[in-house]
Peer 1: 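Can you keep this structure in mind? I'll have questions shortly.
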Amino acid sequence: MLLEIEGLNSHYGRIHALKSANLTVREGELVALVGANGAGKTTLLRTLSGVHPASSGVIKFDGRDITRLNPVRRVAEGVIQVPEGRQLFGPQTVEDNLRLGAFRRGSGTPDADLERLYELFPVLRVKRDQPAGTLSGGQQQIVALGRALMAKPRLLLLDEPSMGLAPLLVAEIFEAVQRLKREGVTILLVEQNAHAALSIADRGYVIETGEIVLSDTGPALLSNERVRQAYLGL
Amino acid sequence: MLAELLQYLLSGLTIGAIYALAGLGFSIIYNASHVINFAQGEFIMIGGMASATLTASGVPLPLAILIGCGGAMLVGVAVAKFAVERARKASTVTLIIITIGASIFLRGVAELVWGKDFKRLDAFSGETPIQLFGASLQPQSLWVMGCAGVLIVAIGLFFNKTLTGKAMLATSHNRLAAQLVGIDVKRVVLASFALSAALGAVGGAVVAPITFSYTEMGIMLGLKGFTAAVLGGLGHGPGAVAGGLIVGVAEALGAGYLSSAYKDAVAFVIILAVLLFMPNGLFGKRGTERV
Amino acid sequence: ADPIKVGAIVSATGPASFLGDPEKKVLELYADRINQAGGVAGRPVQLTVYDDGGAADKAASFTKRLIESDKVDVIVGGTTTATTMAAVPLVERGEVPFISLAGAVVIVEPVKKWVFKTPHTDRMAAEKVMDDLKKRGLTKLALVSEDSGFGKSGREQTLAVAKERGIELVADETYGAKDTDVTAQLTKIRNNPAAQAVLVFGLGQGPAVVTKNYRQLGINLPLYQSHGVASKEYIRLAGGAAEGVRLPAAGLVVASQLPDSDPQKKVVVEFTQVYQEAFSVEVSTFAGHAYDGLMIALDAVKRAGGTDKAKLRDAIEQTKGYVGTGGTVTMSAKDHMGLTLDAFHMVEVKQGDWTLAK
Amino acid sequence: MNMLTSHEPSSDAAPTARRPGPPLLRVEHLSREFGGVLAIGDLSFTVAAGDIHSIIGPNGAGKTTLFNLVTGVYKPSGGRVLFDGADVSGQAPYRLAARGMSRTFQNLQIFFNMTALENVMVGRHLHLDTRLLPALFRFPSLVRRDSEARDRAAQLMTEVGLSRYIGADADSMPYGALKRLEIARALASQPKLLLLDEPAAGLNATESREIDEVIKTVAASGVTVILVEHDMKMVMGISDHITALNHGRKLAEGTPAEVAANPDVIAAYLGAAP
Amino acid sequence: MNRILHGRLTGLAVLGAIIAVLPVFLTNNFHLDVAILAGFNAVVCVGLNLLIGYAGQISLGHAGFFGIGAYASGVLVGVYGWPPVAALLAGAAFVGVLAFVVAKPILRLKGHYLAMATLGIGIIVSIVLRTESGLTGGPDGMMVEPFKIFGVELYGEKAWYWVVGVLLFGVVWLSLNLIDSPMGRALRAVHGSEVAAEVVGVDTARFKVMVFVLSAVFASVAGSLFAHYAGLITPAKADFFKSIELVTMVVFGGMASTFGAVVGAVVLTLLPQALTVFQDYQQIVLGAILMATMVFMPKGLLPTLAGLLPSRRRA
Ligand SMILES: Nc1ncnc2c1ncn2[C@@H]1O[C@H](COP(=O)(O)OP(=O)(O)OP(=O)(O)O)[C@@H](O)[C@H]1O
Ligand SMILES: Nc1ncnc2c1ncn2[C@@H]1O[C@H](COP(=O)(O)OP(=O)(O)OP(=O)(O)O)[C@@H](O)[C@H]1O
Ligand SMILES: [Mg+2]
Ligand SMILES: [Mg+2]
């Protein structure tokens, strides 16, 4: 068990955004989390990264309780998030953004990784010296993903990685996610493109107004009537 | 005629270098947190007062400056830790008001510690003016300009070439994202305050022989430093230096050729004119936010 | 017994702090001493001091507070001409005796019913300097004045006195009270071949900056200052640059050099001793001004037999032969200062100390 | 009353047939460069009144830039934009809004210092009394119209599916809700031309279908819609006409079926026929 | 948000009641004097809050406008013998025109650059006031004649208290009206996102200029009346520090809250007076209070305190 969440609660002021959530992710597993707008998906990821405090409950990573660790320590443990809305360092160049992704790995030269990333997403190479903030929406999304990969995550938290991407790229991203999984990275994937997410996921969770209401294997959820109606538009 | 002009230029450059040093301090903190630290002037004051009083009681100058720097750094870290960091979610204006509060507080403490009178610090390498084509230059001016020069290069390298420097910048651009890549944003902000406090203190020490040091010396220098930093483009080190020199020279020429009373006005008219055509200062980055 | 309520507004901080700070200290020191000695006519002195930071509007507001809220019997202070003049209409309207510690002649000319002052006027300073120039056979003077109340008034008086005494003003520059660099103005004077001597009219650190810049520019003309710098502080700040500077000052700064025959000698020596013992810093004439102001007020309380404001005012106006740090004071309905030129000494800085100029 | 269709009657609305109407927007040889790179190059196309006209293309093709040029957020480096018969190139956005354009943003532009409802009310700006004196002295007519605007804004929010956020502060809303909020705000100004930049981003399939409905209703009421979207199900389902861009230039144009079958579009964008 | 902040009528009623009852507790002229000064500051701050708090445009030069108003009255009445009311109006008109002329280019600037530009304008104004001593009396200021209207001289703290009280009440009323109007919403939208405001038809430049001019005129009128009341004005009233003080009051009380601006102005006018008891520790205490308040109440005094009350959310 790489990640274990037990009875996790989280608030924004008086708003109870996450209600005793229980969730587990095994080492090497790809788990999808689906839910409507405002269900609390982003909140869950933010609480996992430590940028939003948990009100109660326990988060265990690799057997250790990390509920009270600060974000920096969690990143050091290898918990890496691709945040909603991309959150780039706008005025800094694309390459600086990517290098900063490797910040926690210290001063070692991540040039080889950078090169691999450029192979994977050629547009990054083209735009490497441009301020990240001036890129198109989809290009920025790729920078955000690339930056997270530079950190060599153990647990990758993806918050809607396909948002704003052209169909071709969506396919590429999902392929990349699968490849990462094959390389041993554990992934928790939040996606509005529930169909694609559940298709590649080992298991999935459904969250509604802050509560986890359903969990099953990916294929089972895909054929679940409730899921089909509420999230797949079928 | 030429000697007169040269004299004004030299005085302007000296004063300008002082402003430049103050402006650099603003830029550093801005680069780490987008906070405008109105207590920057007080760091300068601490440096000036510490070196003046310590040397007066027999401490050798380099040691006195070092102690001043250390003291200023402690104060800077305290301001960052107990005030700025705690109000992290507050708006920029609120943070500015906090630093104003800090500056009033520090001035009050300084008055208790050092008293209200002016302190004198001997020039580092004598007071015999250097004669240049009929104009004279104080040796201390060279110290000021030299310090400004060295520091701007060091700071430029730091922010543009080191990962730590880039991490500082990143923190100011997007604190959330900085946390998510593992940057300890609190430490970054503390470090930036420590760094600019040290810088301010060195500045205070080298300018003290020219301006005297007193507990209120930071007010004017702080204001002029802010001016220099904005004129050059906030966060841009060489810009702050250029801004400082421009303000200093404009003042000296204004005092020389127009009227001493309007010398500050001359500087501000120039600044307004620059901002009209370059809304982000001389070297400031243009907007990188898209819709 | 009812305390005698003495109010004070001084500029203990701000650009005039090197005047106001000693003033504040002296007032507090002597109020204590007098109370320990049993007060005045059996009544203790209750002192309320406000620091106006050198700002005229703050001085006005504190004056109002002293009159309206603290209900003081007499006000000492107004460190600078500006703060004094801000208080003047209020004390006139509120009918409270007011003894200013500032220099300009406008404070007491024309005479205002409730307003008095202790230091010599700027006009006297100008006269003293002109006399000295004449003695040295110099006739062309360059003036550098501060753009503050004292400096402006001093400038006007200098212009007037120069005309009277046939001295030609060949340059007329100004600087700001907070300026840290005056080389531009001094450069103009250096390049003016007519100038034979330079007079600086200002307070606080400004004149010290001028002095330093003056030497840095290598100007060798005789340099005069006003009594606005008559404090060791000035010499300390200007350092070696102050060597040879001349200025008119009260006897206090050269206490030990005064001839024993001088009636002031005993007073100034004793005051110097008390002051230096209490604060272990060198005495300044400004401290003396405050001392004189307080003493004249309390002396008047004794003579007036109480603190009725009208009687107190009359008693102050009738001060006769009071020997203070500034000289022997004899006031009248036409003269609310009561000092003559005799008590003003031309002093010169030699080896970092004041000496009576020959 | 259905707010989405309650626009002021426009004479040229032709709701009957899906024949292309007269052009409402005409883009001629438009270009825009950033630091020497052309984000839009020599682009020309027209949008017929009453149509739902989609712009598709790979990331970085220049779709958002095109929106910014059409709505006056950026000034073109060359070419013209004609709206409703008039040359409006380089006009300020607020002038274009007065002419009847409104839009949403790919990078959310929400008034986070206000409530959700107030955000939508700002959308009614053009239809309210915004003079200083009536505001200072609170003229009754102003107050009355303002409260009508409030009701109207609330109804619009309901129609885009935001009824539960009517009283909420904008800064407490989740991403998907904010996308809808932008649509409501844009609709509040009762535009002739509505430009939507990825309205379905961040919405799941079911939620996207809701937005489909909203767009269709709006279009049915005679509002012309230009849509940028990567959700091909939505684009192919509701568009009357599609223009595909690549590298700032036109790649293909036509009905959804035509464009979807175009080999260039498939190669550059779709990957496989949807 | 709380009812107290937004319920216009409740807020106005409370303000009116406080103004009406306060004199009972102000036992001497000095206390009235402080209240009057607080009132003048509050008037300026309410206007400044429209600009800073609502429209999100910083100004570090507003004391300049206050100063121009004050000196217009001082000079026109004292030197040229104008009737005070005419001088006040002329000052306000001049400030209005000046603000209008500078606003357009300046308000294109953002954030700290705007701060710098407004600061520059304020400083230039104060330098002119300090230097043109022929008219203005120079650094030490000038005396100003009392305010006369219809031959009646306004004299004494009592009379002025009511004048300022009514003025403040009026200004607050106008400000509340403005904010609760389409124009007010447009101003706040400018703060939130300028492009978004533009694309729904808000001429952001025009609204920014308008609110800048409006707040400058508020400051000028307050300055004129202040000059007559105080009888002495100095360039310090127009300088950078005064501008900073005004901004501090607005932020301290609570940005984007009209009553917050009033509270900020009142508290920060009283505080230095109250702190004189600390003697040499005055500055330290003032600085500490300022810091602590902003650290623990980053939204400002009033909004934070109001937030503590049980609040009913609006539907
Ligand atoms: N900063 C905030 N302040 C107050 N409430 C918030 C804040 N952020 C989110 N919420 C509330 O928390 C709940 C969960 O929001 P969250 O952003 O986690 O949803 P989500 O599932 O990620 O939605 P989406 O798919 O739209 O991104 C929502 O009801 C939202 O209104
Ligand atoms: N302000 C700018 N400075 C520099 N380059 C820019 C700027 N704006 C846009 N670009 C460039 O123009 C190109 C087009 O960007 P645009 O945002 O229009 O693409 P898009 O088609 O909307 O893409 P997406 O589908 O990813 O949103 C991109 O390569 C981008 O980097
Ligand atoms: Mg989310
Ligand atoms: Mg786009």
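Every chain is numbered from 1 and lettered A, B, ... according to where its sequence line falls, protein lines coming before strand lines.
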Peer 1: Checking Gln130(A) against chain D: side chain, backbone, both or neither under 4.5 Å from a heavy atom?
Peer 2: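 Contact with chain D: none, neither part.
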Peer 1: Ser44(D) side chain to His29(D) main-chain N or O, any donor-acceptor pair under 3.5 Å?
Peer 2: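 Checking the backbone N and O of His29(D) against the side chain of Ser44(D), a donor-acceptor pair under 3.5 Å is found.
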Peer 1: Need one label for Leu165(A): side chain, backbone, both or neither, based on atoms under 4.5 Å from any heavy atom in chain D.
Peer 2: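 Leu165(A) touches chain D through backbone and side-chain heavy atoms alike.
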Peer 1: Most heavy-atom pairs under 4.5 angstrom with chain A, which of Ser208(D), Gly202(D), Gly60(D)?
Peer 2: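 With the most close heavy-atom pairs to chain A, the winner is Gly202(D).
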Peer 1: Examine whether an atom of Ala200(D) lies under 4.5 Å from a heavy atom of chain A, and if so say whether it belongs to the side chain, the backbone or both; otherwise answer neither.
Peer 2: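 Contact with chain A involves no heavy atom of Ala200(D) at all.
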Peer 1: Heavy-atom pairs under 4.5 Å with chain D - which of Ser136(A), Gly138(A), Pro167(A) has more of them than the others?
Peer 2: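 Most heavy-atom pairs within the cutoff with chain D belong to Pro167(A).
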Peer 1: Looking only at heavy atoms and a cut-off of under 4.5 Å, which of Asp231(D), Val37(D), Leu203(D), Leu108(D) has the most pairs with chain A?
Peer 2: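 Maximum pair count with chain A is reached by Leu203(D).
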Peer 1: May I ask you to decide if the ring planes of Tyr74(D) and Phe34(D) are parallel, tilted or perpendicular, using 30° and 60° as cut-offs?
Peer 2: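 Rings of Tyr74(D) and Phe34(D): perpendicular, as their planes differ by over 60°.
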Peer 1: Do Thr93(A) and Asp129(A) have side-chain N/O donor and acceptor atoms under 3.5 Å apart?
Peer 2: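 Their side chains do not contain a donor-acceptor pair, so the 3.5 Å distance test is not met.
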Peer 1: Nearest 0.5 Å, please: how far is NE2 in His52(A) from OH in Tyr12(A)?
Peer 2: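 Going from the OH atom of Tyr12(A) to the NE2 atom of His52(A) covers 4.5 Å.
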Peer 1: In terms of heavy-atom pairs under 4.5 Å, which option from Arg164(D), Arg209(D), Glu198(D) contacts chain A the most?
Peer 2: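 Of Arg164(D), Arg209(D), Glu198(D), Glu198(D) has the most heavy-atom pairs under 4.5 Å with chain A.
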Peer 1: What part of Tyr231(A) gets closer than 4.5 Å to chain D, counting heavy atoms only: side chain, backbone, both or neither?
Peer 2: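 Its backbone and side chain both get close to chain D.
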Peer 1: Rounded to the nearest 0.5 Å, what separates atom CE in Met232(D) from atom OG in Ser54(D)?
Peer 2: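 Result: 7.5 Å between the selected atoms.
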Peer 1: Do Thr224(D) and His53(D) pair up side chain to side chain, a donor and an acceptor below 3.5 Å, judged on atom types alone?
Peer 2: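 On atom types as modelled, these side chains do not qualify, holding no pair under 3.5 Å.
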Peer 1: Measure distances from Glu160(A) to the heavy atoms of chain D and classify the residue's part below 4.5 Å as side chain, backbone, both or neither.
Peer 2: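 Interface part for Glu160(A): side chain.
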Peer 1: For residues Thr71(D) and Arg103(D), is any side-chain donor paired with an opposing acceptor at under 3.5 Å?
Peer 2: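 Judged by distance alone, the side chains do pair up.
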Peer 1: Report yes if the side chains of Arg180(D) and Glu207(D) come closer than 4.5 Å at any heavy-atom pair, otherwise no.
Peer 2: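 With C-beta onward as the side chain, the pair touches.
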Peer 1: Which answer fits Ala36(A), side chain, backbone, both or neither, if we ask what part of it has an atom under 4.5 Å from a heavy atom of chain D?
Peer 2: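 Both parts, backbone and side chain.
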Peer 1: Checking heavy atoms, do the side chain of Ala230(A), its backbone, both or neither come under 4.5 Å from chain D?
Peer 2: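 The answer is the backbone of Ala230(A).
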